[in-house]
Amino acid sequence: SMHQLTKVYDMGDLRVTALKNISFEVAAGDFVAIMGSSGSGKSTLLNILGCLDRFDSGSYRLKGTEVHRRGDDELATIRNREIGFVFQNFNLLPRKTALQNVALPLLYRRERQIDLQRAASMLRRVGLGDRMHHRPMELSGGQCQRVAIARALINEPAIILADEPTGNLDSTTSADIMALFVELNEAGHTLVMVTHEEEIAAYASRTVRLKDGEIFAEEHRQTHA
Ligand code: ATP
Ligand code: MG
């Protein structure tokens, strides 16, 4: 839940107000799409939701915790426990295999073998059972995207945040990824994704439209596309 949240990027001479008095609520189990033109503040909003960035005024409560009162370490702990983040550019480690990339953020490390088994089952779940030992360079864009999603899911986060999860993917691969998101949402995960495609936003139950750092429209849908 966000209340009157403002984010200013201060670059000395130039101050960019990326978010202006944003108030909105994401309930547990929601599936929200954030839309808006380039520079409207979508990634900024997602980064703040994901506790990857701080804000300047207003408040943000994540599961009852006032985020702005927490120190960096505490924030990192909340983030690791509660949130899975799918980055627009995947952020995979190039020298590690798909399996190693997915196992990387595992929180409560057990034996290496058990960690790798968990990562393997997550990769099978996103349809990459036959690509475990490939490195990012040896995978297609859609496959990298699915590795990034598997990595975001490895700690079974309650909240999944995805920045353009289908950016640069063909429509078949996009539909596969959206089917996975719908399945996760039906299993009780909260999803917030940024997209510029209306067909992708149609999978969400709610669309929030940003313009110049402000919410200017919000739509609800009854069912998944
Ligand atoms: P896109 O669709 O192009 O990804 P966006 O909606 O995600 O756009 P943001 O990345 O949130 O937009 O940026 C919002 C505004 O904040 C832009 O005007 C941008 O130039 C500015 N901005 C974003 N990140 C920074 C930063 N790290 N430092 C300074 N200004 C920034
Ligand atoms: Mg962006």
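Order of listing sets the numbers, starting from 1, for every ligand and every atom in it.
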Task: CD on Q143 to OG1 on T173, rounded to 0.5 Å - done: 8.5 Å
TODO: Report yes or no: does S37 have a heavy atom closer than 4.0 Å to ligand 1?
DONE: yes
Got the closest protein heavy atom to [atom], with its distance?
atom                    : value
atom 4 (O) of ligand 1  : S43 OG, 4.0 Å
atom 2 (O) of ligand 1  : K42 NZ, 2.7 Å
atom 3 (O) of ligand 1  : S38 OG, 2.6 Å
atom 8 (O) of ligand 1  : G39 N, 2.8 Å
atom 28 (N) of ligand 1 : Y9 CD2, 3.5 Å

TODO: Have a look at T44, D10, N47 and point out the one with the heavy atom closest to atom 11 (O) of ligand 1.
DONE: T44
TODO: Give a yes or no on whether a salt bridge exists between R79 and D72, defined as a side-chain N under 4.0 angstrom from a carboxylate O.
DONE: no
- [ ] Can you sort out which atoms of ligand 1 are near M11, meaning under 4.0 Å from one of its heavy atoms?
- [x] 29 (C)
TODO: Could you list which atoms of ligand 1 come closer than 4.0 Å to a heavy atom of S40?
DONE: 6 (O), 12 (O)
Open item on the list: What I want to know is whether G36 and ligand 1 share at least one N or O pair that is separated by under 3.5 angstrom.
Closed with: no
TODO: Return yes when at least one protein heavy atom is under 4.0 Å from atom 19 (C) of ligand 1, and no when none is.
DONE: no
